[in-house]
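Encoded as structure tokens, the structure appears first; notes follow it.
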Amino acid sequence: MKIQIVNGPNLNLLGTREPGIYGTSSFDQYLPQLQTRYPEVEISYYQSNIEGELINKMQEVGFICDGIVLNAGAYTHTSIALQDCIRSLKCPVIEVHISNIHTREEFRHKSLISCACKGVICGFGLDSYRLAIEALMA
């Protein structure tokens, strides 16, 4: 099984960005834990702050992998282009968020990509990614 994790804007700053919300671990520190936990799954990781690069990556892998775990960051709330991309892919996409977006600022309560995703997981810290991988494996 092949799963692609795609992180959007500002998630390259995990571990230093607002640790009270996002924790103190970088994604580069967390990724080996996922890869060790699921040795039977090829887990790849990509991050970009640029919307078009996220779309390019998902189009590149969305027809050859078994699933995408997407944390689109702030693009979650603004990007119809990401929604269109998700709808065009062969593989399922799980939307994830580290924080519970429904307990934060009101503008974060609305996702423009949820309607195109197989499911949404939010509020479990970095463990949200593990839960998404397990959902894809099931």
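In this structure, Glu53 and Tyr46 approach most closely via the heavy-atom pair CB-OH, 3.4 Å. The two atoms that bring Ser128 and Val96 nearest to each other are O-CG1, 3.8 Å, heavy atoms only. Looking at every heavy atom in both residues, Asp66 comes nearest to Leu136 through O-CD2, 4.5 Å. For the residue pair Leu131 and Ile121, the shortest heavy atom distance occurs at C-CD1, 3.6 Å. Taking each heavy atom of Ile86 and Ala116 in turn, the nearest pair found is CG2-O, 3.2 Å.
No donor-acceptor pair closer than 3.5 Å links the side chain of Ser114 to the backbone N or O of Ser111. The backbone N or O of Gly73 sits less than 3.5 Å from a side-chain atom of Thr76, completing a donor-acceptor pair. For the pair Ser26 (side chain) and Gly15 (backbone), a donor-acceptor distance under 3.5 Å is absent. His77 places a side-chain N or O within donor-acceptor distance of the main-chain N or O of Lys110, the cut-off being under 3.5 Å.
Pairs engaging residues 113-138 under the ring-ring contact (aromatic ring centres under 6.0 Å, His included) rule: Phe27-Tyr129 [sequence neighbours left out]. The stretch residues 120-133 participates, sequence neighbours left out, in these salt bridge (Lys or Arg N to Asp or Glu O under 4.0 Å) pairs: Asp127-Arg130, Arg130-Glu134.
Put simply, the side chain of Glu95 does not reach to within 4.5 Å of the side chain of Leu70, judged on heavy atoms. For the pair Ile68 and Cys91, the minimum side-chain heavy-atom distance is below 4.5 Å. In this structure the side chain of Val69 reaches within 4.5 angstrom of the side chain of Ile133, judged on heavy atoms. Counting heavy atoms from C-beta on, the side chains of Glu40 and Met137 come closer than 4.5 Å. At least one side-chain heavy atom of Tyr75 sits under 4.5 Å from a side-chain heavy atom of Pro9. Under the 4.5 Å side-chain criterion, counting only non-hydrogen atoms from C-beta, Ile94 is not in contact with Val120. When side chains are defined from C-beta on, Leu126 counts as touching Ile98, because their heavy atoms get closer than 4.5 Å. With a 4.5 Å cut-off on side-chain heavy atoms, His102 and Cys122 count as touching.
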Point to revise | From CA spacing to verdict: side-chain hydrogen bond (donor to acceptor under 3.5 Å, both in side chains), Gln83, Arg87 | key: CA-CA 6 Å; Gln83 180 191 126; Arg87 289 186 189 282; 3.3 Å; yes

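Cluster annotation: Val6 and Leu14 are assigned to distinct hydrophobic clusters (Ile/Leu/Val/Met/Phe/Trp/Tyr, side-chain heavy-atom contacts under 4.5 Å, transitive). Hydrophobic clustering (ILVMFWY, side-chain heavy atoms < 4.5 Å, transitive): Leu11 and Ile5 are in one cluster. No single ILVMFWY cluster, assembled from side-chain heavy atoms under 4.5 Å apart, contains both Ile50 and Met58.
Legend: residues meeting side chain to side chain donor-acceptor pair (under 3.5 Å) with Ser88, ordered by chain and number and at least two apart, are absent.
A cation-pi arrangement is absent between Lys90 and Phe63 under the rule of less than 6.0 angstrom and at most 45 degrees off the ring axis.
With values rounded to the nearest 0.5 angstrom, Asn56 atom CG is found 6.0 Å from Gln59 atom CD. Between the OH atom of Tyr45 and the CD atom of Gln4 there is a distance of 10.0 Å, given to the nearest 0.5 Å. Here the OG1-CD1 distance, from Thr78 to Ile80, works out to 9.0 Å after rounding to the nearest 0.5 Å. A distance of 8.0 Å separates CD1 in Ile55 from CG in Asp84, rounded to the nearest 0.5 Å. Put simply, CG on Leu112 and OG on Ser79 are 7.5 Å apart, with the number rounded to the nearest 0.5 Å. Separating the CD atom in Glu60 from the SG atom in Cys65 is a distance of 10.0 Å, to the nearest 0.5 Å.
Donor-acceptor pairing under 3.5 Å is recorded for the side chains of Gln47 and Asn49.
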